[in-house]
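Structure, as C-alpha cells:
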Amino acid sequence: MSVEAYGDYGSRGLSEILQELTSASIVGVDTETHSLDDKTMIGLAIAPSPEYGVWFSEDSPYLHIALSILRNPKVTKVLYNSKFDFDVLEPFGIDETNFEDPMILAYTLHMPLKLYTLAQSLGETIPQNYLDFKIPAKGTMLAVWNQDPNFVLRKCCIDAKLALWCWFKLVPWIVPSYYIDKNIVHVLRNMEKAGVALNQESVNEYYEELDEQTTYLRQLISTKGCDPNSNQQVGIALAQKGYRLPYTKTRRQLRVDEKILSNIDDPLAISVLLYREKAKLQSTYAKPLLGLERAHTTYNNTRVVTGRLSSSDPINMQNIPHYFRGVYMADEMFYSYDASQIELRAIAYLANDKVMMRAFEDGEDIHKATMDRMGITGKLSDPVMARRLAKTLNFAVVYLGEEETIIENAKKEGIRISPQEATDFRVRYSEVYPGIRDYVWSQREQITRRGYVTTLYGRVRKADTKRMQNPHTRESVIKELFNMPVQGTASEVIKMMMAKAHKYDLRIQVHDEMVYDGKCPPPSLFEGLAPFATPLKLSIGQSWGDLQVVTA
DNA sequence: TAGCCATGCCAC
DNA sequence: AAACGTGGCATGGCTA
Ligand SMILES: Nc1nc2c(ncn2[C@H]2C[C@H](O)[C@@H](COP(=O)(O)OP(=O)(O)OP(=O)(O)O)O2)c(=O)[nH]1
Ligand SMILES: [Mn+2]
C-alpha cells in the first residue's frame, strides 16, 4: 500500500508505470492530509495521464520518485486548488513555478468548483461511492485512512487524474484572467503564512472594556424582560410598549435593525443599539484575537463571483473596523497603497465614457464632488464619514440604484435628500456621463442576448437563468451582472499589482488596498499595468490604525 | 447536539 | 422592503 496504481493502466507492471510517470511532461497531482487544519501529508497521487493515478504514501520507499517528479521544474504539475496543495507539499521543497490549476480556470469561467461536479458537467462519470464520500462530522481524513486506506488512496488517484482530465478539457477556453489569478497563488500563501503581529495589550484592554460595557447593558436590558441578542424578544418588547414595527422580509418577526431602532425615541431602543455596537466589536473583532501573537487569515481565491478575493478562517481580515485596526502591528513598518476611486475609473474605461475619463485625467475626485453637491461636506463633521456616504451614493447610482436608495442612505447619516434632489442626482449622471448611460443599455443587451458578461481580462459571470426568467427577480440579475465586469476588472488590476510586487512583503489585502511590511514597493512598479490609470494613495505607519498619508 | 436559516452589521 | 453590488461572522431559533 506504499505505492499503488489505480485506474485504467492496462497490463503495465509497477516498473513500467513508474517509468511512464517519470517521463511525463505534465501530470495531475493530489495530496491527502490529516485534516483541513492539519496539513500533514498522508500521501499523494500523481497521474501521468487522465487514465490513472499512482499513490505514494508519506512513508513509502518510493516517495523519492514522486518527489523527483514534483521537484522537476520541467514537469507541469496540475493541482486542483494549488494554494492548498503547495502548502501541503511545502516541507518537501517541490518546484513551485511550473504548475496549472484547473480549479482556478473553472472559477474564471464561472463553472462548478467542486472537482466531481466540474468533471460531471464536462461529461465524466464519477463512481457513486466517491460522490457520496464525506469526512465524518467529527472525524479526520487520517481516521478514514487508518480505517480504509484503499479507499483513501483510490480517491486520491481519482482526484489526481480528474484534475488532469479537467485541465485538458478546459484549457481551450483559457482567458487572461486565469493567469492573473495563477500569478498570485504564492503571494497569497505568503500573506497567509506571515500573518500580522498583534498588540496583545491593546487587544486585552479593548476586550476588557467592552466586556464591562456589554455586561452592564445586557443586565440593564434584561431587567426589561428581554435578551438584547434576541431580535425576536427586542421586537416583542418594543411592540408591548406600543411601537408599530414593520416586519422582516420573511414576515417571521418584527424588524429591529439600526434603521428602525434609531428612529425610536425610547431608552430600550437606544440601549439595544449601544449594546449591539459593543457586542459586535467584542465578539467579532476582539474575542478571536485574545492570546494570539499574530493574526492569520485565509485568502479565498475562488469564492467571489466577480473575481475579488475574500478573507475568512479563522478571521476575516477584510472587514476589520477602522477604529480597531490599531491592534494590527507592522513587524517593521507598514506601507499601504489604496487605489483612488477605482471602480469609477474602471467603468469609465469599460464604458468608454470620454467625459469621465477626461475628468480623471484632469485629476477630479468624483466622490468629493458628490460630497459637496449633495450637501454632505457641510452636514457631516467627520470627513471620512462624509466621503463614505458620497461613495455609497455614487456607487448606488452607477449600479442602477433607485431614488429610495439615495434618500435612505443619506437619511441613515442624518442627511435629508428630497425625492426631487435624488432624481436630479440620478438624472445628472446620465446627462453628464452619456457613455455610462449607453453602456448600461449595451450591457443589458449582452445580458439578455448572451446570458453572461465578462471582465476586461475575460472572467465570466453567467446569469442565473431561473431568476432571469422570473419578471420579479430579473432586474436584480441584471444589476448583479452589470456590476460584475466593473468590480471584477478593478480586482484584476489590483491582482496584477500584487503579482508585480511579489518580491515585497504583502501582509494585508482589502480589495483595493495593499499593505506591505518592511520595504515599500516603489509606486512606479504599479504603473501601466492596465489600459486605464489607477492612481494609488500611499500611507505609512507602525500599525494599521495610524497610517499617515504620504503627500506625493 | 450538529447544522441550517434568518437577522443584523462590519468592510470594500 | 422590491427598490446599488461583493463578501464573512456572531447569534438565536429551529429542525434533522
Ligand atoms: N457597489 C458598491 N461598491 C463599493 C461600495 N463601497 C466600495 N465599493 C467598491 C467600489 C470602490 O471603488 C472599491 C474600493 O473602495 P474604496 O473605499 O477604496 O473606495 P474608492 O476606491 O472608490 O475611493 P477612494 O478614492 O479610495 O476613497 O470598492 C459600495 O457601497 N457599493
Ligand atoms: Mn480606494
Side-chain angles (χ1 to χ4, degrees), chain A residues 134 136-138 214 218 226-235 245-261 272-273 275-288 297-300 303-325 338-339 341-343 347 387-388 391-409 412 422 426 429 440 453 461 470-488 490-491 494 508-514 544:
Chain A
K134 253 171 120 184
K138 277 196 175 169
T214 55
R218 195 182 308 111
C226 90
D227 174 358
N229 285 322
S230 167
N231 296 326
Q232 202 175 67
Q233 291 178 36
V234 170
L245 301 173
Y247 281 93
T248 59
K249 68 170 179 214
T250 54
R251 293 189 239 287
R252 292 151 70 111
Q253 54 182 291
L254 300 165
R255 260 183 77 189
V256 287
D257 58 27
E258 191 181 345
K259 178 136 189 29
I260 298 293
L261 294 199
V272 166
L273 279 179
Y275 173 80
R276 281 202 194 136
E277 186 187 330
K278 306 298 178 189
K280 173 100 177 173
L281 267 175
Q282 187 194 11
S283 55
T284 308
Y285 302 109
K287 198 174 171 205
T297 187
T298 307
Y299 284 99
N300 309 298
R303 197 170 286 189
V304 184
V305 280
T306 58
R308 271 186 176 187
L309 298 172
S310 81
S311 160
S312 65
D313 222 23
I315 62 163
N316 179 356
M317 291 210 1
Q318 290 180 321
N319 73 342
I320 310 292
H322 283 265
Y323 46 80
F324 202 77
R325 292 185 176 186
D338 187 299
Q341 310 170 72
I342 184 153
E343 286 184 27
I347 199 174
R387 188 174 179 82
R388 180 56 254 183
K391 286 181 196 179
T392 301
L393 301 190
N394 281 329
F395 292 121
V397 169
V398 166
Y399 295 126
L400 310 179
E402 304 199 344
E403 274 82 359
E404 285 88 342
T405 306
I406 296 166
I407 295 166
E408 295 302 321
N409 276 290
K412 269 194 276 187
R426 244 176 54 134
Y429 253 89
V440 171
V453 290
R461 182 176 182 177
N470 180 343
H472 290 93
T473 49
R474 184 186 167 82
E475 282 303 308
S476 168
V477 177
I478 288 173
K479 284 170 193 168
E480 290 165 4
L481 265 70
F482 182 75
N483 169 273
M484 182 273 181
V486 189
Q487 189 179 111
S491 81
I494 298 295
I508 305 170
Q509 192 259 32
V510 190
H511 309 304
D512 77 331
E513 179 186 17
M514 298 169 288
W544 199 13

Residues that A:Ser230 engages under side chain to side chain donor-acceptor pair (under 3.5 Å), provided they are two or more places apart
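Testing A:Ser230 for side chain to side chain donor-acceptor pair (under 3.5 Å), a comparison that skips the adjacent residues, returns none.
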Could you check how far [atom1] of [X] sits from [atom2] of [N], rounded to whole Å?
X	N	atom1	atom2	answer
A:Ile508	C:dG8	CD1	P	18 Å
A:Tyr285	C:dT11	OH	C1'	14 Å
A:Lys278	B:dG8	NZ	C1'	18 Å
A:Phe395	B:dA11	CZ	C1'	13 Å
A:Leu273	B:dC10	CG	P	10 Å
A:Lys391	C:dG5	NZ	P	19 Å
A:Lys287	C:dT11	NZ	C1'	11 Å
A:Asn409	B:dA11	CG	C1'	15 Å

Comparing A:Val304 and A:Asp257 on DNA chain C - which has the more 5′ nearest nucleotide:
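Result: A:Asp257.
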With nearest nucleotide decided by heavy atoms, which residue, A:His511 or A:Thr250, maps closer to the 5′ end of DNA chain C?
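Its nearest nucleotide being more 5', the pick is A:Thr250.
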Could you check whether any side-chain heavy atom of [X] comes within less than 4.5 Å of a side-chain heavy atom of [Y], counting everything from C-beta outward?
X	Y	value
A:Lys280	A:Pro321	no
A:Leu309	A:Gln318	yes
A:Val305	A:Met484	no
A:Phe482	A:Ile347	yes
A:Glu258	A:Leu273	yes

Could you go over nucleotides 13-15 of chain C and give all protein N or O partners under 3.5 Å, atom names and distances?
| unit_1 | atom_1 | unit_2 | atom_2 | d |
| --- | --- | --- | --- | --- |
| C:dG13 | OP1 | A:Ser230 | OG | 2.7 |

So what does [X] hit on the nucleic acid, given a heavy-atom distance under 4.0 Å: a base, only sugar-phosphate, or nothing?
X	result
A:Glu513	nothing
A:Ile406	nothing
A:His322	sugar-phosphate
A:Arg461	sugar-phosphate
A:Glu403	nothing
A:Lys280	base
A:Val397	nothing

Taking 4.0 Å as the cut-off, does a side-chain nitrogen or oxygen of A:Thr284 come that near to OP1 or OP2 on B:dC10?
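The answer is no; no side-chain N or O of A:Thr284 sits under 4.0 Å from OP1 or OP2.
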Pairing donors with acceptors under 3.5 angstrom, does anything connect the side chains of A:Asn483 and A:Arg461?
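No, because no side-chain N or O of A:Asn483 sits under 3.5 Å from a partner of the opposite role on A:Arg461.
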Side-chain donor-acceptor pair present, A:Gln487, A:Tyr399, cut-off under 3.5 Å:
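Checked: A:Gln487/A:Tyr399 side chains show no N/O donor-acceptor pair below 3.5 Å.
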Picking from A:Arg255, A:Arg276, A:Gln253, what satisfies side-chain hydrogen bond (donor to acceptor under 3.5 Å, both in side chains) with A:Asn231?
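That would be A:Arg276.
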Closest approach to the side chain of [X], judged atom by atom: which nucleotide of [options] is it?
X	options	answer
A:Thr248	B:dG8, C:dG8, C:dA3	B:dG8
A:Lys249	C:dA10, C:dA2, B:dA11	C:dA2
A:Tyr323	C:dT6, B:dC10, C:dG8	B:dC10
A:Thr392	C:dG7, B:dG3, C:dC4	C:dC4

Roughly how many Å apart are [M] and [N], using the [atom1] atom of each and rounding to a whole number?
N	M	atom1	answer
B:dA6	C:dA2	P	14 Å
B:dC4	C:dC4	P	31 Å
C:dA3	B:dC5	C1'	24 Å

Donor-acceptor check, side chain of A:Arg426 to backbone of A:Gly401, threshold 3.5 angstrom: yes or no?
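Here the side-chain-to-backbone pair exists.
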Strand contacts (DNA chain B) in residues 473-488 of chain A, 4.0 angstrom heavy-atom criterion
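Heavy-atom contacts with DNA chain B come from no residue of residues 473-488 of chain A; none.
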Quick check for you: to the nearest 0.5 Å, what is the distance between A:Thr306 atom OG1 and A:Leu481 atom CG?
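These two atoms lie 11.5 Å from each other.
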Looking at B:dC9, does its base get a donor-acceptor pair with the side chain of A:Arg276 below 3.5 Å?
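Absent.
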